[in-house]
*Asks:* 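Before I ask anything, let me first share the structure, which is written out below as C-alpha cells.
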Amino acid sequence: MLDFNHRPKIHEQIGALIDTALRAERDTQPRRNYLGASRLGVACERALQYEYLQTPVDPGRDIPGRVLRVFEVGHVLEELAIRWLRMARFDLYTQKASGGQFGFSVAGGRIQGHVDGVLSGGPAELGMSYPALWECKTMNDQSWRDTVKHGVSKSKPVYAAQMAIYQAYMETSITGISANPALFTAINKDSEEIWFELVPFDGGLAQRMSDRAVRVITATDSQELLPRHATTPTHVECKFCPWQDRCWGST
Ligand code: SF4
C-alpha cells in the first residue's frame with residue numbers, strides 16, 4: 001500500500017523550489033572581494049576576517065532560503081520608504097547623477113560601502129541640515145521596539161558604526177555629510193510602523209571602525225588570524241557564527 005504520509009506537503013515542495021531558485025540566483029552574483037564597511041561594527045574581528053577572506057562557512061551553515069527571502073523583503077520595503085520620504089517632500093537621492101549607488105572605495109578598493117541614500121533637502125519645518133546620510137533598515141516587531149526604546153546607537157551598534165564610517169568616508173565626495181546628523185529609518189515588518197532618528201556624526205566611532213578595518217586587512221596580509229571575540233564556543237556570538245567549527249578547531 002502506498003504511504004502518502006511521507007510525501008512532502010505542497011507548501012514544502014513549492015517553498016523548496018523557491019529557495020533553490022533563490023540560492024541559484026545568489027550563486028551567480030559576483031562574490032565581494034572587499035571588506036564591507038557596513039559590517040565593521042560586528043562583535044568579532046576574527047569573524048570579520050573570515051568574511052573578508054570569503055572563507056567557506058561550516059557545513060550546514062549556509063544562509064537558509066528563508067533568510068534570502070528576508071533580504072529581498074527588506075529591499076522591497078526600502079523602496080517603499082524611499083517613495084514615502086519623497087512624498088513627504090524630502091529630496092532623497094539613491095543614485096548618483098552618473099548612475100549607480102552612492103558609495104566609497106578606500107584602501108585600494110579593499111574597503112567599500114554603498115549607502116542607501118543621500119538627502120539634499122526636506123521639509124523646512126523640520127529644521128534639518130543637508131546633505132545628510134540616509135540609512136534604512138527593516139526589523140521584526142521585537143527588534144524594532146527595542147530600537148525605538150533605546151535608540152539605534154544602543155540597540156543596534158552595528159548600524160550606528162555603519163553610519164559613522166559611511167559619513168566619514170563619504171565626506172570626500174559629498175562635502176558636509178559628516179557635519180550633519182544622518183537620518184536613520186527603521187520599518188517594523190510586522191506592523192508597518194516607521195521610526196526616524198537623527199544620528200549625529202560620531203567621529204570617535206568612525207575612527208575606531210577605520211582602525212578595525214586596517215587591523216583586519218593588515219593581519220590578513222601577514223596571514224595572521226585575529227583573536228577570538230569570546231573565550232568559549234558557547235558564547236552567543238559563536239553560536240550564530242557560520243565559522244564556529246572552523247574557529248574552534250573542530251574542522
Ligand atoms: S566562532 Fe566566535 S570567536 Fe570564532 S569567529 Fe565566530 S564569533 Fe568569532
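Counting starts at 1 for both ligands and their atoms, following the listed order.
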*Asks:* Tally of protein N/O/S atoms under 2.8 Å from atom 6 (Fe) of ligand 1?
*Replies:*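 Of the protein's nitrogen, oxygen and sulfur atoms, 1 lie under 2.8 Å from atom 6 (Fe) of ligand 1.
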*Asks:* Arg215: which residues meet the salt bridge (charged side-chain N to carboxylate O under 4.0 Å, His left out) condition with it, sequence neighbours left out?
*Replies:*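 Partners of Arg215 under the salt bridge (charged side-chain N to carboxylate O under 4.0 Å, His left out) test: Glu45.
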*Asks:* Mind telling me whether Tyr50 and Trp243 have parallel, tilted or perpendicular rings, with 30° and 60° as the class edges?
*Replies:*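 Rings of Trp243 and Tyr50: tilted, as their planes differ by 30° to 60°.
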*Asks:* Can you name the side-chain contact (heavy atoms from CB on, under 4.5 Å) partners of Val214, sequence neighbours left out?
*Replies:*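 Val214: side-chain contact (heavy atoms from CB on, under 4.5 Å) contacts with Thr218.
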*Asks:* Considering only non-hydrogen protein atoms, determine which one is nearest to atom 1 (S) of ligand 1 and report residue, atom name and distance to 0.1 Å.
*Replies:*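 Answer for atom 1 (S) of ligand 1: Trp248 NE1, 3.5 Å.
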*Asks:* In plain terms, say whether Arg26 and Glu72 are close enough for a salt bridge, that is, a side-chain N and a carboxylate O under 4.0 Å apart.
*Replies:*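 No, no charged N to carboxylate O under 4.0 Å.
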*Asks:* Using the rule side-chain contact (heavy atoms from CB on, under 4.5 Å), only one of Thr175, Leu119, Val118 pairs with Pro131; which is it?
*Replies:*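 Of the listed options, the one satisfying the test is Val118.
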*Asks:* Residues in salt bridge (charged side-chain N to carboxylate O under 4.0 Å, His left out) with Asp146, at least two apart?
*Replies:*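 Partners of Asp146 by the salt bridge (charged side-chain N to carboxylate O under 4.0 Å, His left out) criterion come out as none, since no residue qualifies.
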